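Atom set for the values below is all heavy atoms of this structure, side chains included, hydrogens, waters and symmetry mates excluded. If you're wondering where the values come from, they're calculated on a predicted model, not measured in any experiment.
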Amino acid sequence: MRGSVIWFVLAVAWWVDCALAFFHHNVMQGGLTAFFACCFFAAGLYFRKRERTPARR
């Protein structure tokens, strides 16, 4: 399994937590968890791009 996959899994977990917070009408917590979900998603994209570029020797 690639290292970037774990970042995407964590982003999905944060999005689920965000959806639950919005479902329970907690907008402040939902916004914060959405921010962290976006951060984890961006980290996953960064690491996926880094994995695809060949290493220089």
*If you measure from SG on C38 to CH2 on W14, what distance do you get to the nearest 0.5 Å?*
12.0 Å
*Do the side chains of V5 and V16 join up, straight or via other hydrophobic residues, at under 4.5 Å, putting them in one cluster?*
no
*Hey, could you give me the NZ/OG distance between K49 and S4, rounded to the nearest 0.5 Å?*
13.5 Å
*Under a single-linkage definition using a 4.5 Å side-chain heavy-atom cutoff for Ile, Leu, Val, Met, Phe, Trp and Tyr, are F40 and F47 assigned to the same hydrophobic cluster?*
yes
_Minimum-distance pair of heavy atoms, taken over all atoms of A34 and C18_ = CB-SG, 3.7 Å
*asked:* Tell me whether F41 shares a hydrophobic cluster with F35, the cluster being built from Ile, Leu, Val, Met, Phe, Trp, Tyr side chains joined at under 4.5 Å.
replied: no
*Does CZ belonging to F22 count more than 12 external heavy atoms closer than 6.0 Å?*
yes
*Determine, step by step, whether F8 and L45 satisfy the side-chain contact (heavy atoms from CB on, under 4.5 Å) criterion, reporting the C-alpha distance in whole Å, the side-chain angles of both residues, the deciding distance to 0.1 Å, and the verdict.*
CA-CA 8 Å; F8 293 122; L45 289 176; 4.0 Å; yes
*asked:* Quick check for you: to the nearest 0.5 Å, what is the distance between L20 atom CG and T33 atom OG1?
replied: 9.0 Å
